[in-house]
Asks: 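The structure follows.
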Amino acid sequence: MDIQSRTNLVVYVASLRQVRQLKRYGHLEYVSKRMRYAIIYVNEEDAKETIGRLKQLHFVKRIIESPRNELMDLLGLSGKPDAKEDQINFEEDEE
């Protein structure tokens, strides 16, 4: 059994009435009533397609994809061996 890698999308909406429709596109995790955004989790390989479909909805103002996976690769915390060449080395002594 493989664990699917997921990413979160922050979706800013014009009105909170349509937030329930976002459940069709991924796992709805959090809704901010004051700032009118929702956080949904989607499969990483389907993220670009889902963003394209969400942009077509009339109530969606803006979509921000989480930079967490890129940051984990950059800091070397992802455990991927191919991300080592881009990794930041904090152990170097600068004089």
Side-chain angles (χ1 to χ4, degrees):
M1 182 170 142
D2 287 334
I3 297 174
Q4 289 213 329
S5 58
R6 295 175 63 82
T7 186
N8 64 354
L9 303 175
V10 180
V11 181
Y12 287 89
V13 295
S15 173
L16 292 175
R17 286 185 175 187
Q18 295 91 358
V19 166
R20 285 184 286 164
Q21 292 181 21
L22 296 176
K23 291 180 182 179
R24 298 178 187 162
Y25 300 98
H27 178 74
L28 184 63
E29 184 67 27
Y30 176 76
V31 177
S32 172
K33 292 179 181 178
R34 186 170 67 91
M35 297 188 63
R36 291 190 306 225
Y37 72 87
I39 296 177
I40 62 171
Y41 280 88
V42 296
N43 291 338
E44 195 170 331
E45 61 269 1
D46 300 335
K48 297 296 180 192
E49 179 184 333
T50 304
I51 289 172
R53 288 190 288 158
L54 285 172
K55 284 183 180 180
Q56 294 175 352
L57 299 174
H58 70 281
F59 61 89
V60 173
K61 288 184 174 180
R62 184 171 56 158
I63 301 171
I64 300 173
E65 189 172 359
S66 172
R68 182 180 188 274
N69 294 337
E70 289 82 20
L71 289 174
M72 294 294 275
D73 289 343
L74 185 66
L75 296 174
L77 300 173
S78 65
K80 296 178 183 175
D82 57 343
K84 292 287 185 186
E85 60 257 1
D86 294 334
Q87 179 179 342
I88 296 174
N89 190 0
F90 291 107
E91 298 173 1
E92 292 179 356
D93 291 328
E94 294 183 21
E95 295 179 22

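Predicted, not measured: the structure shown is a model, and the values here were computed from it.
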Asks: For the atom pair CZ (Arg36) and CG (Leu16), what is the distance rounded to the nearest 0.5 Å?
Replies: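 If I round to the nearest 0.5 Å, the distance is 7.0 Å.
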Asks: Determine the minimum heavy-atom distance between Val42 and Tyr25, stating which atoms define it.
Replies: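 Answer, listing the atom of Val42 first, then Tyr25: CG1-O, 3.3 Å.
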Asks: Any side-chain heavy atom of Leu54 within less than 4.5 Å of one from Ile40?
Replies: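 The answer is yes; the side chains approach within 4.5 Å.
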Asks: Go through the steps for Leu9 and Ile39 under the test side chain to side chain contact (heavy atoms under 4.5 Å, CB included), then give the verdict.
Replies: CA-CA 6 Å; Leu9 303 175; Ile39 296 177; over 6 Å; no
Asks: Once you round to the nearest 0.5 Å, how far does CG of Asp46 lie from CD of Glu44?
Replies: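 Result: 10.5 Å between the selected atoms.
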Asks: Before giving the answer on side chain to side chain contact (heavy atoms under 4.5 Å, CB included), spell out for Phe59 and Leu22 the whole-Å C-alpha distance, their side-chain angles and the decisive distance to 0.1 Å.
Replies: CA-CA 11 Å; Phe59 61 89; Leu22 296 176; 4.2 Å; yes
Asks: What I'd like to find out is whether the side chain of Arg62 reaches to under 4.5 Å of the side chain of Ile64, using heavy atoms alone.
Replies: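 They are in contact (side-chain heavy atoms under 4.5 Å apart), so the answer is yes.
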Asks: Say whether Leu28 and Leu57 are linked into one hydrophobic cluster, either directly or through other cluster members, by side-chain heavy-atom distances under 4.5 angstrom.
Replies: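 Same hydrophobic cluster.
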Asks: Output the distance between atom NZ (Lys23) and atom CD (Gln21), rounded to the nearest 0.5 Å.
Replies: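 The NZ atom of Lys23 sits 11.5 Å away from the CD atom of Gln21.
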Asks: I need the Tyr37 OH to Lys61 NZ distance, nearest 0.5 Å.
Replies: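 Nearest 0.5 Å value for the OH-NZ distance: 14.5 Å.
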Asks: Could you state the interatomic distance from CD1 (Ile63) to CZ (Arg53), rounded to the nearest 0.5 Å?
Replies: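 Here the interatomic distance stands at 11.0 Å.
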Asks: Is there a donor-acceptor contact under 3.5 Å from the side chain of Arg6 to the main chain of Tyr41?
Replies: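 Indeed, once roles are kept as given, a pair shorter than 3.5 Å links the two residues.
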Asks: Applying the 4.5 Å side-chain criterion to the ILVMFWY set and letting contacts propagate, would Val10 and Val13 be lumped into a single cluster?
Replies: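 Different clusters: Val10 never reaches Val13 through Ile, Leu, Val, Met, Phe, Trp or Tyr contacts under 4.5 Å.
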Asks: Can you measure from CD (Glu65) to NZ (Lys48) and round to the nearest 0.5 angstrom?
Replies: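 Between atom CD of Glu65 and atom NZ of Lys48 there are 4.5 Å.
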